[in-house]
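Please read all numbers here as calculations on a predicted model, not as lab measurements. Protein chains get the first letters and strands the later ones, always in sequence-line order, with residue 1 at the start of each. We use all heavy atoms of the structure for the numbers below, so side chains are in, but hydrogens, waters and symmetry mates are not.
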2 protein chains.
Amino acid sequence: MPRLADPALPARRRGQILEAARYCFRERGFRHTTVEEICAEARISPGALYRYFDSKTEIITAIALDARAEAEALLDRLSGSDALVEALAELAQAFFTAFDSDGDAALLADIWAEACRDPLLAQALRERDQAALARMTQAIERAQEAREIYPALAAREIAETLLATLEGMALQRALRRENANGDAVRRFRALALHLLKPKR
Amino acid sequence: MPRLADPALPARRRGQILEAARYCFRERGFRHTTVEEICAEARISPGALYRYFDSKTEIITAIALDARAEAEALLDRLSGSDALVEALAELAQAFFTAFDSDGDAALLADIWAEACRDPLLAQALRERDQAALARMTQAIERAQEAREIYPALAAREIAETLLATLEGMALQRALRRENANGDAVRRFRALALHLLKPKR
DNA sequence: ACCTGAACACCGTTCAAGT
DNA sequence: ACCTGAACACCGTTCAAGT
């Protein structure tokens, strides 16, 4: 008999449950997904699941944080680039692709709804959001200093507007079940162009 | 004994239930609101409630349609105006005020999430959305024809972007629990200005 | 005709019993 | 130590019984 059980087991089980949960949530959303369904998908019993998560809400929180972290990671491509508008267009392209195929976009909407009701999750997402905002603001400031664009508006204002628009467009696409993303990317690019290079 | 019961009763009961439901949904969201709570708030029994609505989902649908209709009605103020940018700023102001005090903004998020999962609701909201889009497009076209603004971008593209941004900003505000709306309105106004008057 | 509230089926969570 | 699955409390929905 081993004195210590496999120390990697908890992490593995949590991963296994989260993967199953994410699949179910994408398919049917938070509201319509049953713990029993997650258990079936993860091939685990309810009792075992509740050994690794305190509640369905905690699973939702974990999925939400994960998805938003993924989204924020896309901002990496802004750092190196020196053609800001093109980099922003690529960011939009990547964002829409990541939250594209049906369920993923709906998952975004679910996350917003849950965050509005759960103060803990809201706090965590606000922090992520601030980080994303800071990174985009910095990228814009660098471009302004390099005279690549004209500082007609405060960098932070532009960043806030661009992020809000990205989010809003993602939701529109979810509602309309648009899978092609050319239109949205083009519109986002035009927006960035007009905000960053106002031709004054 | 009356041959016909009060013909206004069904409408009254439905209104009574919807008002109670809206209060509960604002307070706790779709997911965390109980039919029992709605019944208590409406001072009615579960059996009576199910006489007027087939399911909790149907109540949610009714509330969602109602809220979006309210939002679309705000577009009225674009029709008469001849100072488009100012009218847009006022629209944003009205929108943020309507979906301001705490629960209302969260309700918006709930509606998006539900719409992504319920094809019937999605269809209905898409129709409302198209109508809103058409109205804003028309207002922009009129301004372009009047040479008030320069037709640098297609009116419909601008309208799509502005509506997406309005939605995205409303969600950001919900997450951050911002009650003052000066910042968001100012940013939206700047956005409209840059998209509509690109100074070419 | 309209309502009540107990009853039912289902879902989130727990826990005694197994290995 | 870790798991199973029956049991429990709660929530959406129905229905027999009342007026």
So, A/Gln16 and A/Arg13: side-chain donor and acceptor under 3.5 Å apart, yes or no? yes
Is it possible for you to say whether B/Ile17 and B/Leu9 belong to one hydrophobic cluster, with membership spreading through side-chain heavy-atom contacts below 4.5 Å? yes
Check ion pair B/Arg12-B/Asp6 (N to O, under 4.0 angstrom): yes
Does B/Asp129 have any salt bridge (Lys or Arg N to Asp or Glu O under 4.0 Å) partners at least two apart in sequence or in another chain, and if so, which? A/Arg176, B/Arg68
d(CZ, B/Arg43; P, C/dC3) in whole Å: 16 Å
Does NZ or CZ of A/Arg173 lie under 6.0 Å from the centre of the six-membered ring of A/Phe96, at an angle within 45° of the ring axis? yes
Out of C/dC3, D/dC3, D/dT13, which nucleotide sits closest to the side chain of B/Ser45? C/dC3
Against the side chain of A/Leu9, the closest entry in D/dC2, C/dC3, D/dG12 is D/dC2
In whole angstroms, the gap separating P of C/dA1 from CZ of B/Arg12 amounts to 17 Å
Residues in contact with DNA chain D, drawn from residues 28-39 of chain B - heavy-atom cutoff 4.0 Å: B/Thr33, B/Thr34, B/Val35
Applying side chain to side chain contact (heavy atoms under 4.5 Å, CB included) to B/Ala64 and not counting sequence neighbours gives B/Ile111, B/Leu121
Do A/Tyr23 and A/Leu18 belong to the same hydrophobic cluster, where Ile, Leu, Val, Met, Phe, Trp and Tyr are linked whenever their side-chain heavy atoms lie under 4.5 Å apart, directly or via other members? no
Contact string for nucleotides 14-19 of chain D, one letter per nucleotide 5' to 3', B = base within protein heavy-atom range under 4.0 Å, S = sugar-phosphate only, - = neither, reads BB----
At under 4.0 Å between heavy atoms, what does A/Phe53 touch on the DNA or RNA strands: base, sugar-phosphate, or nothing? nothing
To the nearest Å, give me how far apart CZ (A/Arg51) and P (D/dC2) are. 6 Å
Distance check needed: C/dC2 P versus B/Arg14 CZ, whole Å only. 14 Å
Spacing between A/Ile59 atom CD1 and C/dC11 atom P, to the nearest angstrom: 16 Å
With distance as the sole test, does A/Lys56 use its side chain to make a donor-acceptor pair with the main-chain N or O of A/Thr34 at under 3.5 Å? no
Hey, is B/Arg187 close enough to A/Glu157 for a salt bridge, meaning N to O under 4.0 Å? no
Is the distance from OP1 or OP2 of C/dC3 to the nearest side-chain N or O of B/Arg13 less than 4.0 Å? yes
In a table with atom names and distances, give each donor-acceptor pair under 3.5 Å that connects a side chain of residues 38-54 of chain B to protein atoms at least two apart or in another chain.
unit_1: B/Ser45; atom_1: OG; unit_2: B/Ala48; atom_2: N; d: 3.3

Take atom CD1 of B/Ile44 and atom P of C/dT4, then tell me their distance rounded to the nearest Å. 7 Å
Neighbour count above 12 (heavy atom, 6.0 Å) for B/Glu19 CD: no
For DNA chain D, what dot-bracket results from Watson-Crick or G-U pairs at under 3.5 Å, with [ ] for crossers and | for inter-strand partners? ||.|||||...|||||.||
